[in-house]
Amino acid sequence: MRMSRYFLPTLKENPAEAQIISHRLMLRAGLIRQSSAGIYSWLPFGYRALKKIETIIREEQDASGAQEMLMPTIQSADLWRKSGRYDDYGKEMLRIQDRHEREMLYGPTNEELITDIFANDIKSYKDLPKNLYHIQWKFRDEVRPRFGVMRGREFLMKDAYSFDLDQDGARRSYNKMFVAYLRTFARLGLKAIPLRANTGPIGGDMSHEFIILAETGESQVYCHKALLEVPTPENVDYDSDLEPLIHDWTMYYAAADEMHDATKCPVKPEDLVTARGIEVGHIFYFGTKYSEPMGAKVASPDGNTVTVHMGSYGIGVSRLVAAVIEASHDEVGIIWPESIAPFQISLINLKPGDATCDQLCSDLYHRIQQNNIDVLYDDRDERAGAKFADMDLIGLPWQIIVGPRGAKEGKVEVKKRASGARSEVSFDVALNQIIAK
RNA sequence: CGGACCGUAGCGCAGCCUGGUAGCGCAUCAGACUGGGGGUCUGGGGGUCGUGGGUUCAAAUCCCGCCGGUCCGACCA
């Protein structure tokens, strides 16, 4: 993409309303614009990042055996009356009426709808287990939206729902999601740790929050330092017994602020990590809480009718964009992990109009594109300083700088955003470096 | 939902207290000089001062309503 044609409005100054770093950088680097309180438009640059995250989540969900579908944003109030949540949910639920004055709502979550869909067509234990998910916009009318997309009212969420014959089955489904989440966050370049979460009246140990560590995180997290060294599962066979993997990740102490009691902490002070965290995912098993009232029953092998056991598994997709930025930035801008960078390369022409620079850039630009690598070519007639500032702000992993000095000898500078490491190399070497990576 | 505050050009703000020609910086446009980390100069465009009402000869400024937004607290992917 040529920057002269791209819609990428960057801001030199921090907008007054943005308090936290990710919000500031998302506005300044042209990822989002606020449309109304807690509701954002995603500009082309931000939308690319959002879609990349979505893709990684989708790949890992699919790998674990979950199946993607799509449910509507607008739901009927009747379903929610059936589960009893229509009255319980309170003002956080956006309620609307259609022209026939039927009561509708903008879905804050989808347990009712998915359970209804399941109950209508699945009648036998032979069709279990099932895990269905979708990636869809949700609306929760937060009293106080803030921190940009970190706590917006409208947000993109991946929510999966598992259906099993009994609790043992539900546990296997739960474990699959647990592992899929570990892999997803690792691929996003994030260090995520699972914290045991409150399971409410259901009890047991089947609810975890996934927290990523970031200095500006909202909540305080305490954990054993060994937890940070547990390796991400690779080449997972999701049909195998995942309990040992789960055990590796849950054997160490880990607690959020409200669960942590310094006087009762089992971890020795020298082994305790205290950090800030952002919740990016939450998984839990809730038994028959929804399947019971919604009538989700199947025939069991012995001929009886049993209510299915369910779990639900959420990832805040839009929040993750902010979380990644919180976790990966410096004083001048974003530092995108390669896996989700909107483009891989900034190609900077320091002197547009100079025949040699133009030619070299043009060649590089086309050759990079031919290799299916996303490149943002800064061909604008701007001051070098302004270009460098913009490039650092938008934070693409690689920068290729083409200036008149080197261009005469066919040399360009390749710089890595994350480390700042730079080297002056020939056209071909630059190209090969990029392609190899 | 309690408390505090803000709406003046695309962004950041001053002007309001003490009513009297709507300003500054950045951005933007034209031209020139420039050119390896947000450059300099000249000239230009852009504002129903959130909105409705009131007070007044006169309202961005004073008073009231409404709308929008922000922050602190309690609550959440």
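Note that this is a predicted model, so its numbers are computed, not measured. Each chain gets a letter, A, B and so on, in the order the sequences are listed, and its residues count up from 1.
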Is the closest side-chain donor-acceptor distance between A:Glu112 and A:Ser83 under 3.5 Å?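 Yes, a side-chain donor-acceptor pair sits under 3.5 Å.
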So, A:Asn349 and A:Asp378: side-chain donor and acceptor under 3.5 Å apart, yes or no?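 Side-chain D/A pair, A:Asn349 to A:Asp378: absent.
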Could you note down all residue pairs passing ring-ring contact (aromatic ring centres under 6.0 Å, His included) where residues 412-437 of chain A supplies at least one of them, sequence neighbours left out?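 Applying ring-ring contact (aromatic ring centres under 6.0 Å, His included) to every pair that reaches into residues 412-437 of chain A, excluding sequence neighbours, yields nothing.
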Aromatic ring centroids of A:His208 and A:Phe210 under 6.0 Å?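 Centroid separation for A:His208 and A:Phe210: 6.0 Å or greater.
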May I ask you to evaluate whether A:Gln34 reaches the phosphate of B:G68, defined as a side-chain N or O under 4.0 Å from OP1 or OP2?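 For A:Gln34, the contact criterion (side-chain N or O under 4.0 Å from OP1 or OP2 of B:G68) is not met.
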Return no unless some side-chain N or O of A:Lys12 is found under 4.0 Å from OP1 or OP2 of B:C26.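 Checking B:C26 against A:Lys12, no side-chain N or O comes under 4.0 Å of OP1 or OP2.
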If we call it a pair only when both distances are under 3.5 Å in a Watson-Crick or G-U wobble match, what pairs with [N]?
{"N": "B:U21", "result": "none"}
{"N": "B:C67", "result": "B:G7"}
{"N": "B:U28", "result": "B:G44"}
{"N": "B:C62", "result": "B:G54"}
{"N": "B:G2", "result": "B:C72"}

On a whole-Å scale, what distance lies between the P atoms belonging to B:C64 and B:U48?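 Comparing P positions in B:C64 and B:U48 gives a spacing of 26 Å.
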Got a list of protein N/O to nucleotides 1-8 of chain B N/O distances below 3.5 Å?
| unit_1 | atom_1 | unit_2 | atom_2 | d |
| --- | --- | --- | --- | --- |
| B:C1 | OP1 | A:Lys91 | NZ | 2.4 |

Going by modelled atom types, is there a donor-acceptor pair between the base of B:U70 and the side chain of A:Arg146 at under 3.5 Å?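 Per atom types, no contact qualifies.
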Going by centres under 5.5 angstrom and planes under 30 degrees, do the aromatic ring of A:Phe388 and the base ring of B:G36 stack?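 Ring-base stacking flag not set for A:Phe388 and B:G36.
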I'd like a table of atom pairs between the protein and nucleotides 29-31 of chain B - only N or O on both sides, under 3.5 Å - with the distance next to each one.
none

A:Arg172/A:Glu243 ion pair, N-O < 4.0 Å: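 Here A:Arg172 does not pair with A:Glu243 in a salt bridge, since their nearest N and O are not under 4.0 Å apart.
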